[in-house]
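Report on the following structure.
This chain uses plain numbering: 1 for the first residue, then up along the sequence.
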Amino acid sequence: MNRQSLAQVTRPINEASGLPNAHYVSRAVFEDERYALLFRNWTGIGFGKDIPEAGDALPIELVGVPLLAVRQNDGSVSVYQNTCSHRGMILIREKTNVRGTIRCPYHSWCYGLDGRLRSTPHVGGPGHNIHADIRREDLGLTRIPSHVFLDVIFVNLSGTAPPFEQVHRELLDRWSDFDRPAWFGGKDSAFSIEIASNWKLAVENNCESYHLPWVHPGLNSYSRLEDHYHIEIPGSCSGQGSRVYRQIEDADGNRFPDFPFLDAKWSTGSEYISLFPNVLLGVHCDHLFSIVLEPLATGQTREHVALYYASPEALGDSYRSLREANAAQWRSIFLEDVFVVEGMQKGRQGPFFDGGRFSPVMDSPTHLFHEWVATQIQDADVTGRDRVLG
């Protein structure tokens with residue numbers, strides 16, 4: 001990694017350059033960032049909505065690492081490495097309810113929802129299910145540190161990050177009004193978008209409102225560029241908010257119910273942030289969205305989008321058309337971004353592009369993300385931590 005080029009990224013915004021091309025097109029750098037950015041931090045992998053019932057188990061891959069998210073009997077979510085401790089077999093291949101037992105399909109070793117190894121059939125020979133040298137208490141599933149926020153399941157693969165609540169304390173305080181139940185809108189309220197781009201470009205695009213007049217003219221017609229402001233929390237997130245939010249209405253003027261007890265500022269405002277490294281979030285008085293960016297390859301990303309509502313009332317049949325219209329509206333807005341994100345990826349094939357410059361006024365949330373990336377990579381190299389996960 002070229003330390004001189006990264007040092008240029010961390011300079012004051014009026015002097016800084018963006019991340020060099022290699023951070024978007026190089027397979028070697030993609031692998032370095034896999035460890036430095038995605039494994040060492042709290043990274044989004046999926047949604048709690050996909051495992052709603054006790055015993056539900058969802059296999060997920062995080063840039064090649066097999067994981068398993070499981071809903072516990074008490075309603076909490078646990079994440080394990082999706083690997084049997086016997087011979088390394090993948091335990092669960094498709095979403096399912098394990099009915100209290102995670103069973104390996106190879107030799108039928110069985111684990112509880114708590115990850116403990118419960119049974120080892122014939123391990124001591126036919127009919128002998130125990131052996132003195134097979135200590136079940138030492139052979140449970142590998143538990144991955146996890147946390148759920150706005151229904152996004154976050155993991156820290158390295159186990160070295162500070163607690164989620166510590167890393168993102170300022171955001172949790174800022175959005176405390178939304179620290180309450182929200183209801184997933186159903187099958188029409190979730191969709192995925194394939195993007196021929198490095199995942200970081202999707203993060204960067206979400207950070208700023210500078211592009212609104214040209215990329216989102218419909219949105220900009222009522223939530224104008226001048227209505228927006230920056231959100232910058234070093235080490236945590238960056239993004240933008242709007243002082244103008246127009247609730248969607250049906251033909252009869254009906255709107256979704258609002259979250260109860262909101263601060264008055266949310267009645268006409270909304271905020272959108274990129275939670276480092278790979279989660280995009282938006283909050284409004286009546287609904288919110290969560291987006292998990294799945295890095296597939298150097299130039300390939302999948303966006304997983306889910307919409308949630310302030311009241312279970314919004315899930316009723318009388319709101320179906322509104323939910324469909326809201327999902328269609330957000331899909332349209334997110335699709336409008338695809339051509340610029342993919343265009344930036346193509347542009348970084350140009351060998352003479354040096355990372356570009358930042359508008360000192362309009363690009364500070366994006367620069368904050370670049371600065372975070374550079375610092376994370378420098379720290380990963382300096383600490384010399386065990387690179388097993390690399």
Is the [X] ring parallel, tilted or perpendicular to the [Y] ring (thresholds 30°, 60°)?
X: Phe164; Y: His147; answer: parallel
X: Trp330; Y: Phe334; answer: parallel
X: His284; Y: Phe289; answer: tilted
X: Phe276; Y: Phe369; answer: tilted

May I ask you to decide if Met344's main-chain N or O and Arg348's side chain share a donor-acceptor pair within less than 3.5 Å?
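Checked: pair present.
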Verify whether one side chain among [X] and [Y] offers a donor that lies under 3.5 Å from an acceptor in the other.
X: Tyr245; Y: Glu271; value: no
X: Ser78; Y: Gln72; value: yes
X: Asn41; Y: Gln376; value: yes
X: Glu204; Y: His370; value: yes
X: Ser236; Y: Glu170; value: no
X: Glu313; Y: Tyr319; value: yes

Do the side chains of Asp263 and Lys265 get close enough for a salt bridge, i.e. N-O under 4.0 angstrom?
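Salt bridge between Asp263 and Lys265, a charged N being under 4.0 Å from a carboxylate O: no.
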Is the shortest heavy-atom distance from the side chain of Cys237 to the side chain of His168 under 4.5 Å?
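Side chain of Cys237 against side chain of His168, heavy atoms only: no contact under 4.5 Å found.
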Measuring only between side-chain heavy atoms, which start at C-beta, is Arg224 closer than 4.5 Å to Val244?
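Counting from C-beta outward, Arg224 and Val244 never come under 4.5 Å.
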When Tyr111 is tested against each of Leu91, Val70, Leu68 for side-chain contact (heavy atoms from CB on, under 4.5 Å), which residue passes?
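That would be Leu91.
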Option among Leu201, Ile273, Leu280 that satisfies the side-chain contact (heavy atoms from CB on, under 4.5 Å) test with Asn206
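Looking at Leu201, Ile273, Leu280, the match for Asn206 under the side-chain contact (heavy atoms from CB on, under 4.5 Å) is Leu280.
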Give the C-alpha distance, both sets of side-chain angles, the deciding distance and a yes or no for side-chain hydrogen bond (donor to acceptor under 3.5 Å, both in side chains) between Trp199 and Asn278.
CA-CA 8 Å; Trp199 63 275; Asn278 72 321; over 6 Å; no
